[in-house]
2 protein chains.
Amino acid sequence: MNKAEILIIDDEPQIRKLLQINLESNDYKVIQASNGKEGLILAANHPPEVILLDIGLPDKSGHEVLKELREWYNKPIIILSVQDNETDIISALDNGATDYLTKPFRTGELLARIRSAIRRSQNTTNNSSIVCGDIEIDFVARIVKRKGEIVKLTSTEYNLLILFAKNEGKVLTHQFILKEIWGYGYQTETQYLRVFVGTLRKKIEENYNNPQHIITESGVGYRFE
Amino acid sequence: MNKAEILIIDDEPQIRKLLQINLESNDYKVIQASNGKEGLILAANHPPEVILLDIGLPDKSGHEVLKELREWYNKPIIILSVQDNETDIISALDNGATDYLTKPFRTGELLARIRSAIRRSQNTTNNSSIVCGDIEIDFVARIVKRKGEIVKLTSTEYNLLILFAKNEGKVLTHQFILKEIWGYGYQTETQYLRVFVGTLRKKIEENYNNPQHIITESGVGYRFE
DNA sequence: TATTCCAATATAAATATTTTATAAAAATTT
DNA sequence: AAATTTTTATAAAATATTTATATTGGAATA
């Protein structure tokens, strides 16, 4: 029994109907909005477990809705997009979307993606702490422990670790990390990142010549495990 | 029971007859056109599941027909060509043809290619993940797994694999691949491609002396299965 | 049919280039 | 002044390109 609530924001009634049938038959409770404004109101009144958002709304409001949602909503937002609209997808992911699906999609994959998103979000946002192997992060107290011992981190180091931990298993590009931690205009300062990844590794890796947590993806970015 | 419709566009009546007999005995419904104009009309009136197009028509109209078709038709177009007309084949593939067969062809091969093309066109939803046999690509996480294990790819290798995976089953010419991965001006550097196909095969093929995923189409390019 | 030859492809290895890691100095913030 | 961040410099590692050589498969020849 799930009964987790899912909000669908899409202007196409057929898509909403299709989603509704599939989701309800899998024990999700479905709420629907046919435009961005309505979606924002519904989400605010009764925050759902997952939001499915059509990014390619005719009035281009999908991107704005995503940004507005992300100002306060930190559960999964899965983007729905028509095929061949890669630009939309990439910009959505950079703006905090959790995942995406292109229409037409297979039901099996949709359900799998929803399950995976919920699982991940329960590991992170819901709880006030994350445990990744020997690393333990307490968001409320802003404390990080390694094998039970408190690790002293500077605020940049801490922010970086949080960003990694919230995106466990995902490759984060240099650009993305720099934008998230330092803000726009810093996206080319890759050296900052190297320095801080270095200090973080020294503090959280067992053997920092052979990092097990922060993995380098040469030419691309880093991945946290 | 298939009853998928196949449109043949070829000026040689013997070839049309031969194809018709073979295809109908395999439960396909066959429509025929003896020239490009007729073919375009038939295709527009009743879009078939696959089009077999003779590219080497005497008046060279095959190429034009292909281009016109590709403006709206996105199902498989398999090129028929006389042997030794590699230029024709390559230009057709670069213009969006799915596959090719050289006359005279073996019936078994023809049928296999048609089946494969149909299968592919039915699941081309380019989604946030692709599964091809034991290979699994997650675009969001930017991670490739083989039998569940993460495969470490360099960024060029990854880009190449993505290009292949997004065009599964389709023959990609050297030129096309080089243009997509390295950009204009690199279209003659076929050796780059060989080196990278080599390293990719080592990483994703079970037995890389007998590649099952990246298939060589000698003189033309590669195909991903 | 078997053999030779050729062009295309594959592989290995050397070199060049780019990217990353690290230390440490300088600047800034607390 | 201490802690932290930014900048600079340099070493090390990873990746890409180039070169050399081997292998393969098809066409031509005997």
Side-chain angles (χ1 to χ4, degrees), chain A residues 142 144 151-161 164 171-175 177-178 180-183 185-205 207-224, chain B residues 82-87 89-90 102 104-106 109 142 144 151-161 171-175 177-178 180-183 185-205 207-224:
Chain A
R142 283 181 72 91
V144 175
V151 180
K152 193 169 151 39
L153 297 181
T154 72
S155 93
T156 308
E157 287 163 4
Y158 179 80
N159 292 337
L160 190 55
L161 180 60
F164 278 136
V171 176
L172 304 180
T173 64
H174 300 130
Q175 278 217 338
I177 302 172
L178 287 161
E180 291 294 312
I181 306 290
W182 282 269
Y186 287 81
Q187 307 191 354
T188 53
E189 304 286 355
T190 8
Q191 185 55 21
Y192 290 12
L193 196 46
R194 296 203 183 104
V195 172
F196 279 91
V197 165
T199 63
L200 248 187
R201 279 181 176 152
K202 276 184 192 161
K203 293 181 180 182
I204 67 169
E205 298 284 359
N207 168 9
Y208 91 120
N209 296 314
N210 175 27
Q212 298 299 304
H213 286 299
I214 306 177
I215 314 292
T216 330
E217 299 280 342
S218 191
V220 185
Y222 296 92
R223 176 165 52 91
F224 188 73
Chain B
V82 290
Q83 216 162 11
D84 293 334
N85 213 334
E86 222 159 65
T87 333
I89 292 171
I90 290 173
T102 49
F105 39 73
R106 280 159 300 182
E109 185 173 356
R142 205 191 171 283
V144 176
V151 180
K152 194 168 155 38
L153 298 180
T154 72
S155 111
T156 308
E157 287 162 4
Y158 179 82
N159 293 336
L160 190 55
L161 179 61
V171 179
L172 303 180
T173 63
H174 298 132
Q175 276 218 339
I177 302 172
L178 287 161
E180 291 293 312
I181 305 290
W182 282 271
Y186 287 80
Q187 308 190 353
T188 53
E189 304 286 355
T190 4
Q191 183 56 17
Y192 289 12
L193 197 46
R194 296 203 183 104
V195 172
F196 278 91
V197 164
T199 63
L200 248 188
R201 279 181 176 152
K202 276 185 192 159
K203 292 182 181 184
I204 67 168
E205 298 284 359
N207 169 7
Y208 90 120
N209 296 314
N210 175 27
Q212 298 299 304
H213 287 297
I214 305 177
I215 315 294
T216 310
E217 299 279 340
S218 192
V220 182
Y222 296 92
R223 172 212 305 269
F224 188 73

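To find a chain, count down the sequence lines: A is the first, B the second, and so on, and within it residues start at 1. Computed from heavy atoms alone, side chains included, the values below leave out hydrogens, waters and symmetry copies.
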Problem - Side-chain donor or acceptor of A:K203 paired with backbone N/O of A:K152 under 3.5 Å - result: yes
For [N], does either OP1 or OP2 sit under 4.0 Å from a side-chain N or O belonging to [X]?
{"X": "A:W182", "N": "D:dT6", "value": "yes"}
{"X": "A:S218", "N": "C:dT19", "value": "no"}
{"X": "B:Y222", "N": "C:dA10", "value": "yes"}
{"X": "B:T199", "N": "D:dT15", "value": "no"}

Distance, rounded to the nearest Å, where [X] contributes [atom1] and [N] contributes [atom2]:
{"X": "B:E189", "N": "D:dT18", "atom1": "CD", "atom2": "C1'", "answer": "9 Å"}
{"X": "B:L193", "N": "C:dT11", "atom1": "CG", "atom2": "C1'", "answer": "15 Å"}
{"X": "A:E217", "N": "D:dT15", "atom1": "CD", "atom2": "C1'", "answer": "14 Å"}
{"X": "A:N159", "N": "D:dT4", "atom1": "CG", "atom2": "C1'", "answer": "13 Å"}
{"X": "A:H174", "N": "D:dA14", "atom1": "NE2", "atom2": "P", "answer": "14 Å"}
{"X": "B:N207", "N": "C:dA10", "atom1": "CG", "atom2": "P", "answer": "14 Å"}
{"X": "B:K203", "N": "C:dT11", "atom1": "NZ", "atom2": "P", "answer": "15 Å"}
{"X": "A:L200", "N": "D:dT4", "atom1": "CG", "atom2": "P", "answer": "13 Å"}

Problem - Side-chain donor-acceptor pair present, A:N207, A:E205, cut-off under 3.5 Å - result: no
Handout entry: Derivation and outcome, side-chain contact (heavy atoms from CB on, under 4.5 Å), residues B:W182 and B:L193
Key = CA-CA 10 Å; B:W182 282 271; B:L193 197 46; 4.2 Å; yes
Fill in the blank from the handout: In terms of heavy-atom contacts, A:R142 and A:S155 come closest through NH2-CB, 4.5 Å
Handout entry: Heavy-atom closest pair, residues A:R194 and A:Y222
Key = CG-OH, 4.0 Å
Problem - Ring-ring centroid check A:H213 A:F164, cutoff 6.0 Å - result: no
Exercise for the section: Produce a footprint string for nucleotides 22-30 of chain C: one letter per nucleotide, 5' end first; B if the base is under 4.0 Å from any protein heavy atom, S if only the sugar-phosphate is, - if neither. Expected result: BS-------
Practice task
Note the angle between the end axes of the helix from C:dT1-D:dA30 to C:dT30-D:dA1, five pairs defining each, rounded to 10 degrees.
Solution key: 30°
Exercise for the section: Tell me what A:T190 touches on the nucleic acid: a base, only sugar-phosphate, or nothing, going by heavy atoms under 4.0 Å. Expected result: nothing
Handout entry: Over 12 non-hydrogen atoms of neighbours within 6.0 angstrom of OH in A:Y186
Key = no
Fill in the blank from the handout: Among the nucleotides D:dT15, D:dT17, D:dT7, whichever has the atom closest to the side chain of A:Y192 is D:dT7
Completion exercise
B:T216 has its side chain closest, among D:dT5, C:dA10, D:dT17, to C:dA10
Practice task
Could you tell me whether the side chain of A:T216 reaches within less than 4.5 Å of the side chain of A:R201, counting heavy atoms only?
Solution key: yes
Handout entry: B:I215 and B:V171, any side-chain heavy atoms less than 4.5 Å apart
Key = no
Fill in the blank from the handout: In short, salt bridge (charged side-chain N to carboxylate O under 4.0 Å, His left out) pairs touching residues 209-224 of chain A with sequence neighbours left out are A:E217-A:R223, A:R223-A:E225
